[in-house]
Amino acid sequence: MTEVYLRRLSRWQAEQQRAAVADVHVTAYRGAAGAEYRDRQGFLDRFEQHVQRLGFDMMVADAGGLVGCAYGFRVERTGEWWSDFRGELPTDIEELTASGRTFLLAELMVLPAHRRRGVATLMGERLLARLETDLVVVAVDLERPDDGEDGARGGRPANAAQETVRAWGWSKLGLLAPHSPSAVREVWIRRPLR
């Protein structure tokens with residue numbers, strides 16, 4: 001197995017690596033045939049916005065080329081990110097968001113050939129280790145009807161992300177209301193150890 005090196009990217013470096021990061025995204029989340037261009041462009045549009053967000057931070061895994069990526073940013077103090085939360089948001093979560101102490105893990109992706117080797121865990125740990133936040137959140141896509149009969153995306157179970165955050169000791173907080181029937185997401189949280 002090729003040795004994998006982790007490195008943190010500045011905002012400028014992330015923008016310079018956008019094409020390579022998009023390649024990882026397309027391969028990691030290989031969707032329906034013919035949808036790759038749309039998937040890639042959609043990711044690039046989101047990435048362009050994300051890299052400009054307050055507190056943007058990014059970690060990549062490299063093995064002679066990018067094999068994984070994890071990044072996120074601070075949740076806006078206005079609480080807008082929580083607007084689709086189903087039910088009542090706990091008061092402490094509202095307070096942590098309003099104080100600017102909440103970080104959103106926006107993307108975590110690893111190429112299929114490098115999965116189940118601890119790459120995602122290492123990237124996640126390194127990314128979150130130096131954060132000065134009191135809460136980290138992630139929204140995990142649930143199984144979607146368009147993923148095929150077996151609920152898989154690119155040969156990987158739709159709940160692989162759920163399994164990962166559960167194994168990392170995160171707690172499920174609730175659901176985000178979908179903008180469409182195929183966009184239901186679970187919200188998981190972690191309070192960093194101090």
- Tell me, yes or no, whether the heavy-atom count around R126 atom CZ, taken from other residues, nucleotides or ligands under 6.0 Å, exceeds 12.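 For R126, atom CZ is not crowded (no more than 12 foreign heavy atoms under 6.0 Å).
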- Message: For E48, I'd like to know if atom CD has over 12 heavy atoms of other residues, nucleotides or ligands within 6.0 Å.
- Response: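 12 or below, so no.
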Indicate yes or no: at least one non-hydrogen side-chain atom of [X] is less than 4.5 angstrom from one of [Y].
| X | Y | value |
| --- | --- | --- |
| V187 | L175 | no |
| R190 | L128 | yes |
| I93 | I189 | yes |
| D92 | R191 | yes |
| R18 | L44 | yes |
| V136 | W170 | yes |
| M123 | L6 | yes |
| R46 | H25 | yes |

- Query: Run the side chain to side chain donor-acceptor pair (under 3.5 Å) check on Q41 and D45 step by step: do they pass?
  - Reply: CA-CA 6 Å; Q41 192 57 52; D45 292 345; 3.0 Å; yes
Heavy-atom closest pair, residues [X] and [Y]:
| X | Y | result |
| --- | --- | --- |
| V21 | C69 | CG1-SG, 4.0 Å |
| P112 | A28 | CD-CA, 4.3 Å |
| A106 | F73 | CB-CE2, 3.7 Å |
| R40 | A19 | NH2-O, 3.5 Å |

- Message: Taking A14's backbone N and O only, do any of them form a donor-acceptor pair with Q17's side chain (distance below 3.5 Å, no angle check)?
- Response: no
- Message: Is it the case that the side chain of R53 and the backbone of G72 share a donor-acceptor pair, with hydrogens and angles ignored and the cut-off at 3.5 Å?
- Response: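 Not a single qualifying donor-acceptor pair exists.
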- Item | Passing option when W188 is tested against V165, T164, V137 for side-chain contact (heavy atoms from CB on, under 4.5 Å) | V165
- Task: Assess whether side-chain contact (heavy atoms from CB on, under 4.5 Å) is satisfied between H114 and V4, documenting all intermediate values.
- Result: CA-CA 9 Å; H114 292 272; V4 175; 4.0 Å; yes
Atom [atom1] of [X] and atom [atom2] of [Y]: how far apart are they, to the nearest 0.5 Å?
| X | Y | atom1 | atom2 | result |
| --- | --- | --- | --- | --- |
| L54 | E76 | CG | CD | 7.0 Å |
| L122 | R117 | CG | CZ | 13.0 Å |
| D141 | L176 | CG | CG | 10.0 Å |
| R86 | L173 | CZ | CG | 13.5 Å |
| S99 | E94 | OG | CD | 12.0 Å |
| L104 | Y71 | CG | OH | 9.0 Å |

- Task: Identify, with sequence neighbours excluded, every residue that meets salt bridge (charged side-chain N to carboxylate O under 4.0 Å, His left out) alongside E186.
- Result: K172
Contacts table for residues 56-68: side-chain donor-acceptor under 3.5 angstrom, sequence neighbours left out:
residue, atom, partner, partner atom, Å
D57, OD1, R8, NH1, 2.9
D57, OD2, R8, NH1, 2.8
D62, OD1, G64, N, 2.9
D62, OD1, G65, N, 3.0
D62, OD2, R7, NH2, 3.2

- Would you confirm whether the ring centroid of F43 sits within less than 6.0 angstrom of the ring centroid of Y29?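 Not under 6.0 Å, so no.
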- Task: Report the C-alpha distance between W81 and T97 in whole Å, list the side-chain angles of each, state the deciding distance to 0.1 Å, and finish with yes or no for side chain to side chain donor-acceptor pair (under 3.5 Å).
- Result: CA-CA 9 Å; W81 191 83; T97 300; over 6 Å; no
- Message: Using a strict threshold of under 4.0 Å (side-chain N to carboxylate O), is an ion pair present between E132 and R101?
- Response: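 Salt bridge between R101 and E132, a charged N being under 4.0 Å from a carboxylate O: no.
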